[in-house]
A.B. asks: 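Below you'll find the structure I mean.
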Number of protein chains: 2
Amino acid sequence: MPEEPSIGVLLFIPYRAMEERVFAALDAAGHEITRAQMKLLQRIDEDGSRLSALAESAQVTKQTAGYLVDQLERTGYVERAPDPTDARARLVRLTERARALHPVARRAEAETEAEWLAHLGKRRMDQLRDALTRLREITDPYLERP
Amino acid sequence: MPEEPSIGVLLFIPYRAMEERVFAALDAAGHEITRAQMKLLQRIDEDGSRLSALAESAQVTKQTAGYLVDQLERTGYVERAPDPTDARARLVRLTERARALHPVARRAEAETEAEWLAHLGKRRMDQLRDALTRLREITDPYLERP
DNA sequence: TAAATTAATCAGAGTCTCTGACTAACGTCA
DNA sequence: TGACGTTAGTCAGAGACTCTGATTAATTTA
């Protein structure tokens, strides 16, 4: 007689399943991206971002961000360019290779979500999204509040 | 105009909030437990568990499990005893100190859940749990299937 | 009983993260 | 305008967590 999982575990199980689908799709498309690298990659602005900005956004130290950007640079996902407005700074920019990741990740996400919708039905899927969106109001420390 | 977060992110945000509440409560009660240690600790059977069993259950190698059990042993949360049924094996057992973690963690979880209930209302909280429980049917790789 | 398997450990390495110290460039203000 | 404090980034060193490969000891199988 297995116990009821806690709400925390119930949230984690599908989250993890989604994450694994996305990384599996990236891997299948020839992209060996780690979770840590992705955390940074997602935060790089269209016009490039400074290391400090990435570090702050991803909640890691500048040293950690530098270590991850080094890796992403070596594997061809980002490049560093001088920042024209400040000679101390450099802009981390996405390469074409990095831009190719987005559609792959989005497709895997959309496919997984479609399977969930098929299993839950539209009503319950809407209820799930609604409840999670409202829950975010009190659990997201970075949510913009009006 | 911030985009709608994906369902994956929406799941992750409250999960992470819950996890942080639990570890903060443990920390406040004087227990410095890491996520990796907790993953093992949760899987130790009432009568003790073998290292191999813990490793398999937590999805890590035996070496990793050994490394974590060493730490937990040093900090007084587990002890190793010979397995009377097999001289190669040793049983990892919870100490009293480890047993003291459970009520602290459960209380933090219950408090957080109560806040969520107050914010969402009973109807939406029930819908959330229902949707997540059904979602588990297709996203939990370790779910017992009848 | 010899061979294969299983339980655990040792050794070495890679990833991710941190703190502390440093250099170079920028901004301020007396 | 020049000294001072701040900011951007890097270097060095360390700790946590994870892995692969090799080893030892005990058990199970053929």
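Note on naming: letters A, B, ... go to the chains in the order of the sequence lines (proteins, then strands), and numbering restarts at 1 for each one. Keep in mind that the numbers below use all heavy atoms, side chains included, and drop hydrogens, waters and symmetry copies. Model, not experiment: these values are computed from the prediction.
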A.B. asks: Any side-chain N or O of T64(A) less than 4.0 Å from the OP1 or OP2 oxygen of dC16(C)?
C.D. replies: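 Answer is no, no contact under 4.0 Å.
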
A.B. asks: Could you tell me the separation between the NZ atom of K62(B) and the C1' atom of dT9(C), rounded to a whole number of Å?
C.D. replies: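 Between C1' of dT9(C) and NZ of K62(B): 9 Å.
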
A.B. asks: Looking only at side-chain atoms of T61(B), point me to the closest of dA16(D), dT20(D), dA7(C).
C.D. replies: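 Selected nucleotide: dT20(D).
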
A.B. asks: Rounded to the Å, how far apart are L54(B) CG and dT9(C) P?
C.D. replies: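 L54(B) atom CG is separated from dT9(C) atom P by 11 Å.
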
A.B. asks: Of all of residues 21-52 of chain B, which get a heavy atom below 4.0 angstrom from DNA chain C, listed by number?
C.D. replies: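 When residues 21-52 of chain B is checked for heavy atoms under 4.0 Å from DNA chain C, the hits, listed by number, are R50(B), L51(B), S52(B).
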
A.B. asks: Ignoring hydrogens, what is the shortest heavy-atom contact between R124(B) and A131(A)? Give both atom names and the distance.
C.D. replies: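 That closest heavy-atom pairing would be O-CB, 4.1 Å.
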
A.B. asks: In whole Å, I'd like the distance from the CG atom of D70(B) to the C1' atom of dA8(C).
C.D. replies: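 About 11 Å, once rounded to whole Å.
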
A.B. asks: Does a side-chain heavy-atom distance below 4.5 Å link L128(A) with I7(B)?
C.D. replies: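 In short, these two side chains touch, coming nearer than 4.5 Å.
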
A.B. asks: Report which part of the nucleic acid D86(A) touches: base, sugar-phosphate, or nothing (heavy-atom distance under 4.0 Å, all strands).
C.D. replies: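 Here D86(A) touches the backbone only, sparing every base.
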
A.B. asks: Can you tell which of E113(A), E109(A), E115(A) makes a salt bridge (Lys or Arg N to Asp or Glu O under 4.0 Å) with R21(A)?
C.D. replies: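 So the option named by the test is E115(A).
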
A.B. asks: Taking all heavy atoms of L51(A) and all of K62(A), pick out the closest pair and write down the distance.
C.D. replies: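 Distance-wise, the nearest heavy atoms are CD2-O, 4.0 Å.
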
A.B. asks: Taking it one step at a time, do Y15(A) and E19(A) satisfy side chain to side chain donor-acceptor pair (under 3.5 Å)?
C.D. replies: CA-CA 6 Å; Y15(A) 163 70; E19(A) 190 190 70; 2.8 Å; yes

A.B. asks: Specify the separation, in whole Å, of atom OH of Y67(B) and atom C1' of dA11(C).
C.D. replies: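 Rounded to whole Å, this separation is 15 Å.
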
A.B. asks: So, E111(A) and R107(A), do they make that salt bridge, N to O below 4.0 Å?
C.D. replies: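 No.
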
A.B. asks: Please report the distance, rounded to the nearest Å, between CG in L72(A) and C1' in dC16(C).
C.D. replies: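 Whole-Å distance recorded here is 13 Å.
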
A.B. asks: Figure out the CD/P separation between E56(A) and dT17(C), and round it to whole Å.
C.D. replies: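 Taking CD of E56(A) and P of dT17(C), I get 17 Å after rounding.
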
A.B. asks: Rounded to the Å, how far apart are Q59(A) CD and dT17(C) P?
C.D. replies: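 Nearest whole value for this atom pair: 12 Å.
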
A.B. asks: Separation of R90(B) atom CZ from dT6(C) atom C1', in whole Å?
C.D. replies: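 Rounded to the whole Å, the gap is 16 Å.
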
A.B. asks: Consider the side chain of A87(B), meaning its heavy atoms from C-beta on, and name the nucleotide among dC18(C), dT27(D), dC26(C) that approaches it most closely.
C.D. replies: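 Nearest listed nucleotide: dT27(D).
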
A.B. asks: With a 3.5 Å cut-off and heavy atoms only, can you find an N or O donor on one side and an acceptor on the other between the side chain of Q63(A) and the base of dG13(D)?
C.D. replies: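 In this structure, the two groups form no donor-acceptor pair.
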
A.B. asks: Nearest-nucleotide wise, let me know which of R80(A) and R88(A) is further upstream toward the 5' end of DNA chain D.
C.D. replies: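 Closest to the 5' end, via its nearest nucleotide, is R88(A).
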
A.B. asks: Between the side chains of R74(B) and D70(B), is the shortest nitrogen-to-carboxylate-oxygen separation below 4.0 Å, so that they form an ion pair?
C.D. replies: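 Judged by the 4.0 Å cut-off on N to carboxylate O distance, D70(B) and R74(B) do not form a salt bridge.
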
